[in-house]
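One structure below.
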Amino acid sequence: MPKIVPYFPNKLISWYLQNKRELPWRNTANPYHIWLSEIMLQQTRVLQGLPYYLKFVEAYPKVEDLAKAPEDEVLKLWQGLGYYSRARNLHTTAKMVSEEMNGVFPDNHKNLLKLKGVGDYTASAIASICFNKPEAVVDGNVYRVLSRVFGISTPINTSTGQKEFKQLAQQLIDEKQPGTFNQAIMEFGARYCVPQNPDCGNCIFNDNCVAFQQKKVAELPVKIKAKPVKKRFFNYLVILSENERTILQQRMGKGIWHKLYEFPLIETSEEVNLSTLKKLQQFQDFAKKINIETISLFNEKPVVHKLSHQHLNTQFWIVETLEDSENTVPISEIGNYAVPVLIADFVSEFFENY
DNA sequence: AATTCGGGGGT
DNA sequence: ACCCCAGAATT
């Protein structure tokens, strides 16, 4: 184990109190608010999550309000934040706390872990911030700070690495102010011990930082490379009926965007032209139900929507029809549905002057 | 233990 | 292009 610096927590907290950002979930110990913020900030930058937090607190002042909301409404408010299972689990947990726990969140790590969408990190965050329990959090910031200060080169995305860093964080935590310590080390990682080009020359820890002493700051933390991203090819059929209606479908299977809405989709193994598209069985099945008047490609070059693990090469096919088929919605009401950013961007571009 | 879940921002 | 972000659930 690395040599523990006894004053590390005090120095860290001192830095935090002078440099912390004022955020709406700071200076509160309301478990509902802390839980909400922690779910939203999973794998998400503070500045990206902040407007969503404000929207949710206004729309759902109490956990009971969130519990009573329809799932589609919650997903719509979450639209654009990504990782939509968080929104579905958020809603599930709100209902559980509201209906089965008398609206009271669990006050310890073990029981917090039982909540959907709450893992080791979030359970520790809530337990420490709301209930003053000495549970150390380990997030991306903590990995970076500890790997550098203590010179630990164990890969952070392995189970042994996760155990090692968790144990170290647990040794370091200030048991008298665990919530403040946890927020301090994360804030320090987010604002000072940043991934690239940190200002080590002026760092409060540079006398003791192993990475700085050994000039290995840029090498830490160590992370095993991810696999290359997959390319997928999406063809959306954008129906336009004479009375200004279109077809939206809810994604129901596994995979990305579960329970969000989109236009009828035909996925292919490569980019297709109109003549190839028309030969596909999926297209012909679709054409049996819809009386297609005209069809044309909206975007000459595919829109490449980049997710962390796949690139979606997307073509939008404009399909004009005369009469309505089943399940159409007014074009003016598309904005009421939770859709992926890929769809939202197309809608705002295409229908802006429609 | 490895994979899969978004989207935005920085370099 | 590649990396990272106040991770969790599923395979």
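Below, read A as the first sequence line, B as the second, and so on, with proteins coming before strands; counting in each chain starts at 1. Quick note: numbers below take in every heavy atom, side chains included, and nothing from hydrogens, waters or symmetry partners.
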Residue whose nearest DNA chain C nucleotide is more 5′ - A:W25 or A:A226 = A:A226

Using a cut-off of 4.0 Å on non-hydrogen atoms, how would the nucleic acid contact of A:T122 be classed: base, sugar-phosphate, or nothing?
-> sugar-phosphate

Protein heavy-atom contacts under 4.0 Å, written 5' to 3' over nucleotides 3-9 of chain B as B (base), S (sugar-phosphate only) or - (none), form the string SSBBBB-

Contact class for A:R88 vs. all strands (heavy atom < 4.0 Å): base, sugar-phosphate, or nothing?
-> nothing

Length of the CD-P vector between A:E219 and C:dC3, whole Å = 14 Å

Do any side-chain nitrogens or oxygens of A:K225 fall under 4.0 Å of OP1 or OP2 in C:dC2?
-> no

Okay, side chain of A:N182, backbone of A:G179: is any donor-acceptor separation there less than 3.5 Å?
-> no

Parallel, tilted or perpendicular: ring planes of A:F165 versus A:Y143, cut at 30 and 60 degrees = perpendicular

For a ring-ring contact (aromatic ring centres under 6.0 Å, His included) with A:F8, tell me which candidate from A:F188, A:W15, A:F205 qualifies.
-> A:F205

Going by heavy atoms in the side chains, are A:P106 and A:K114 under 4.5 Å from each other?
-> no

Could you check which residues of residues 124-137 of chain A get a heavy atom under 4.0 Å from DNA chain C? Sort them by number, please.
-> none

Do the rings of A:Y236 and A:F234 sit parallel, tilted or perpendicular, given the 30° and 60° boundaries?
-> perpendicular

Which nucleotides of DNA chain B pair, in dot-bracket form (Watson-Crick or G-U under 3.5 Å, | meaning another strand) | |||||.|||||

Given atom NZ of A:K223 and atom P of C:dC2, what is their separation to the nearest angstrom?
-> 15 Å

Whether A:R86 side chain and A:I39 backbone form a donor-acceptor pair below 3.5 Å = yes

Write down the distance between CG (A:L41) and P (C:dC4), rounded to a whole number of angstrom.
-> 19 Å

Could you tell me how the ring of A:Y60 sits relative to the ring of A:F56: parallel (under 30°), tilted (30 to 60°) or perpendicular (over 60°)?
-> perpendicular

Which word best sums up how the rings of A:F346 and A:F316 line up, parallel for under 30°, tilted for 30 to 60°, or perpendicular for over 60°?
-> parallel

Would you say the base of C:dA6 and the side-chain of A:R21 have a donor-acceptor pair closer than 3.5 Å?
-> no

Looking at A:R88 and A:E71, does any basic side-chain N land under 4.0 Å from a carboxylate oxygen?
-> no

